Amino acid sequence: MVKTDYYEVLGVTRDADDQVLKTAYRRLAMQYHPDRNPGNADAEEKFKAAAEAYSILSDSQKRAAYDRFGHAGVQGAAGGGSAGYDPSAFTDFQDVFGDFFDSFFGGSGGGRSRNRVRRGEDLRYDLEISFEESMKGTKVDIQVPRMDSCTACNGSGADGADGITTCPTCKGRGEAVYNQGFISVRQTCHTCSGRGNLIRKACKECRGEGVVRSERRLKVNIPAGVDTGTQMRLVGEGNPSLNGGQSGDLYVVIRVKDHAFFERHENDLHCTIPVTIVQATLGSEIELKTLDGVEKVKVPEGTQPGTQLRLRGKGVPRVNSSGRGDLFIHVEVRIPEKLNKEQRKLMEQLRETLPEDNEPREKGLFEKVRDYFS
């Protein structure tokens, strides 16, 4: 079965940002949620399709793989043997729907606290490497500016045990309940912003933030074959959580410098080499300095301008896989602009020995037009 494009499922463009994705997902999930459509199999399938699409597109690494390779790039990314409905996508369902989720679907009871643990923010680091490093792989030390948990207060933001107190508004639950007729609406406590506690005396080091600015020195292993736009995920190296949750991740985004001689097309390399008219006519063997060392390239007799030669397995290594692409050599036949007397004499002698009907293998434009109208 051909799977529908994830962007079409959510009804968004391919350049949609996270907020647009979240809004589109919320609208579809509210429309097709099983609680609103009991026994409706079609609504259930659309609900699952929206959850699958959002679980892929809301993850920057999965989205990059999908944008580049389509559904084949995210096989197994959403649970099971292939990209599909993933129940774990609903672990942060309330993050998408906010306070309206509890009031609309009824929540799970009045005693539940909204002071939930949230993971830290993800970070991005742009790393530029040379063409040679991308071909062979390398190890790079980077300095990443980030936030770290304050060691003075262990991330609490309070100065000492008596520096923090329970929020008097929500009694430590992190949420407040408001009755509007027969409907109970749960909202994040505005007094403590959902934390459930208040800082009475702020930590002097972090000034109550619980985190301090720092720089983390990391060693990044760059595999051979990476290209501009490749993202590498370092789990847990992002900003820490503000309430004891898991730290975010660090995404290292690669930019590869252009090479002066070789040009990359996916996993293949291309280059252009000049040869003289004598080398092209009589054939020759030239030495080509590649990224693997010097290679001998045979130029066949009678090589025409624009001829393409191929060295198999001399291209770009395939990332996280075996094998390499190929190296394509484009031959450029150089015609001398000036000849000395001896050279001109030899060329004239050559012209006399060539037959008058020595035409190119393919007819030129003039000859094709002439033949068509004759």
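Just so you know, these numbers come straight off a predicted model, no measurement behind them.
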Practice task
Check the surroundings of atom CZ in R233: do more than 12 heavy atoms from other residues, nucleotides or ligands lie under 6.0 Å from it?
Solution key: yes
Exercise for the section: For the pair E44 and K48, find out whether any cationic side-chain nitrogen is under 4.0 Å from an anionic carboxylate oxygen. Expected result: yes
Handout entry: Neighbour count above 12 (heavy atom, 6.0 Å) for Q231 CD
Key = yes
Practice task
Could you tell me the separation between the CG atom of L123 and the OG atom of S247, rounded to the nearest 0.5 Å?
Solution key: 10.0 Å
Practice task
Just do the salt bridge (charged side-chain N to carboxylate O under 4.0 Å, His left out) check on K46 and D42 with the steps written out, would you?
Solution key: CA-CA 6 Å; K46 290 180 178 179; D42 182 63; 3.4 Å; yes
Handout entry: Closest approach of I286 to Q279 (non-hydrogen atoms, all atoms of both residues)
Key = CG2-NE2, 4.0 Å
Problem - Main-chain N/O of T303 paired with T307 side-chain donor or acceptor, under 3.5 Å - result: no
Handout entry: Side-chain donor or acceptor of E352 paired with backbone N/O of Q349 under 3.5 Å
Key = no
Practice task
With side chain to side chain contact (heavy atoms under 4.5 Å, CB included) as the test, would you mind laying out the steps for R216 and D148 before giving the verdict?
Solution key: CA-CA 9 Å; R216 177 72 64 88; D148 270 328; 3.4 Å; yes
Exercise for the section: Would you check if P168 and L198 make a side-chain contact, meaning some heavy-atom pair closer than 4.5 Å? Expected result: yes
Practice task
Mind running side chain to side chain donor-acceptor pair (under 3.5 Å) on T290 and D292 for me, showing each step along the way?
Solution key: CA-CA 5 Å; T290 71; D292 297 308; 4.5 Å; no
Practice task
Quick one: do S134 and V226 satisfy side chain to side chain contact (heavy atoms under 4.5 Å, CB included)? Show the steps, please.
Solution key: CA-CA 5 Å; S134 72; V226 296; 4.1 Å; yes
Practice task
Check whether more than 12 heavy atoms from other residues, nucleotides or ligands sit under 6.0 Å from atom CD of E205, and answer yes or no.
Solution key: no
Exercise for the section: Rounded to the nearest 0.5 Å, what's the gap from CZ on R146 to CD on E237? Could you check? Expected result: 6.0 Å
Problem - Approximate separation, where rounding is to 0.5 Å, of L339 CG and K341 NZ - result: 13.5 Å
Practice task
Would you confirm whether the ring centroid of H270 sits within less than 6.0 angstrom of the ring centroid of F262?
Solution key: no
Exercise for the section: Verify, without hydrogens or angle tests, whether H259 (side chain) and S130 (backbone) share a donor-acceptor contact under 3.5 angstrom. Expected result: no
Handout entry: Heavy-atom side-chain contact between E215 and V144 under 4.5 Å
Key = no
Handout entry: Electrostatic pair R14:D67 at N-O distance under 4.0 angstrom
Key = yes
Problem - Check: I222 and I129 side chains under 4.5 Å, non-hydrogen atoms - result: yes
Problem - Side chain to side chain, V220 and M232, heavy atoms closer than 4.5 Å - result: yes
Handout entry: Which atom of C271 lies closest to which atom of L288, heavy atoms considered
Key = SG-CD2, 4.3 Å
Practice task
Report the relative orientation of the aromatic rings in Y6 and Y66; use parallel for angles under 30°, tilted for 30 to 60°, perpendicular for over 60°.
Solution key: tilted
Handout entry: Salt bridge flag under 4.0 Å for residues R124 and D122
Key = no
Exercise for the section: Taking all heavy atoms of L309 and all of P300, pick out the closest pair and write down the distance. Expected result: CD2-CD, 4.2 Å
Handout entry: Test item: Q304 side-chain N/O and G302 main-chain N/O as donor-acceptor pair under 3.5 Å
Key = yes
Completion exercise
CG of L57 to OH of Y7, rounded to nearest 0.5 Å, is 5.0 Å
Exercise for the section: Could you tell me whether the side chain of R318 and the main chain of R324 form a donor-acceptor pair under 3.5 Å? Expected result: yes
Practice task
State plainly whether one hydrophobic cluster holds both I164 and V212, where clusters connect Ile, Leu, Val, Met, Phe, Trp and Tyr through side-chain heavy atoms under 4.5 angstrom apart.
Solution key: no
Problem - N-O pairing of D326 and K314 below 4.0 Å - result: no
Problem - Atom of L218, atom of L234 and distance for their closest heavy-atom approach - result: CD1-CD2, 4.0 Å
Fill in the blank from the handout: When rounded to the nearest 0.5 Å, the distance separating CE of M147 from CD of E121 is 9.5 Å
Exercise for the section: Kindly say whether N40 contributes a backbone atom to a donor-acceptor pair with the side chain of N37 at under 3.5 angstrom? Expected result: no
Practice task
Indicate yes or no: does K257 engage E133 in a salt bridge with an N to O separation below 4.0 Å.
Solution key: no
Practice task
Could you verify whether a donor N or O on one side chain and an acceptor N or O on the other, from H330 and E332, lie under 3.5 Å apart?
Solution key: no
Exercise for the section: Please determine if R255 and E128 form a salt bridge, counting it only when a charged side-chain N lies under 4.0 Å from a carboxylate O. Expected result: yes
Exercise for the section: Return the minimal non-hydrogen interatomic distance between L10 and L28, and the atom names on each side. Expected result: CA-CD1, 3.7 Å
Handout entry: T281 side-chain N/O to I277 backbone N/O, donor-acceptor pair under 3.5 Å
Key = yes
Exercise for the section: Kindly check if the number of other-residue, nucleotide or ligand heavy atoms within 6.0 Å of CD (E342) is above 12? Expected result: no
Exercise for the section: Give the C-alpha distance, both sets of side-chain angles, the deciding distance and a yes or no for salt bridge (charged side-chain N to carboxylate O under 4.0 Å, His left out) between D159 and K204. Expected result: CA-CA 7 Å; D159 186 7; K204 296 178 181 179; 5.0 Å; no
Problem - D17, CG atom: more than 12 neighbouring heavy atoms under 6.0 Å - result: yes
Handout entry: L127 versus V252, closest heavy-atom pair with distance
Key = CB-CG1, 3.9 Å
Problem - Test item: V12 and L21 side chains (from C-beta on) under 4.5 Å apart, heavy atoms - result: yes
Exercise for the section: State yes or no: do V9 and Y32 share one hydrophobic cluster built from I, L, V, M, F, W and Y residues joined by side-chain heavy-atom distances below 4.5 Å, directly or via other members? Expected result: no
Exercise for the section: Kindly work out whether a path of hydrophobic side-chain contacts (I/L/V/M/F/W/Y, heavy atoms less than 4.5 Å apart) joins V294 to F328. Expected result: no
Problem - Distance (rounded to the nearest 0.5 Å) between K296 NZ and E287 CD - result: 6.0 Å
Problem - Carboxylate-amine/guanidinium proximity below 4.0 Å for D258 and R264 - result: no
Exercise for the section: Please say whether more than 12 non-hydrogen atoms of neighbouring residues, nucleotides or ligands are located less than 6.0 Å from CD in E266. Expected result: no
Exercise for the section: Decide whether I254 and L269 are clustered together by the hydrophobic rule: side chain heavy atoms of Ile, Leu, Val, Met, Phe, Trp, Tyr closer than 4.5 Å, transitively. Expected result: yes
Practice task
For the residue pair R63 and I56, establish whether any side-chain heavy-atom pair is separated by less than 4.5 Å.
Solution key: no
Practice task
Indicate if F261 and V275 have the same hydrophobic cluster label, given that clusters are the connected sets of ILVMFWY residues with side-chain heavy-atom separations under 4.5 angstrom.
Solution key: yes
Practice task
Could you tell me whether the side chain of S58 and the main chain of Y54 form a donor-acceptor pair under 3.5 Å?
Solution key: yes
Practice task
Would you mind reporting whether Y251 and Q61 have side-chain heavy atoms less than 4.5 Å apart?
Solution key: yes
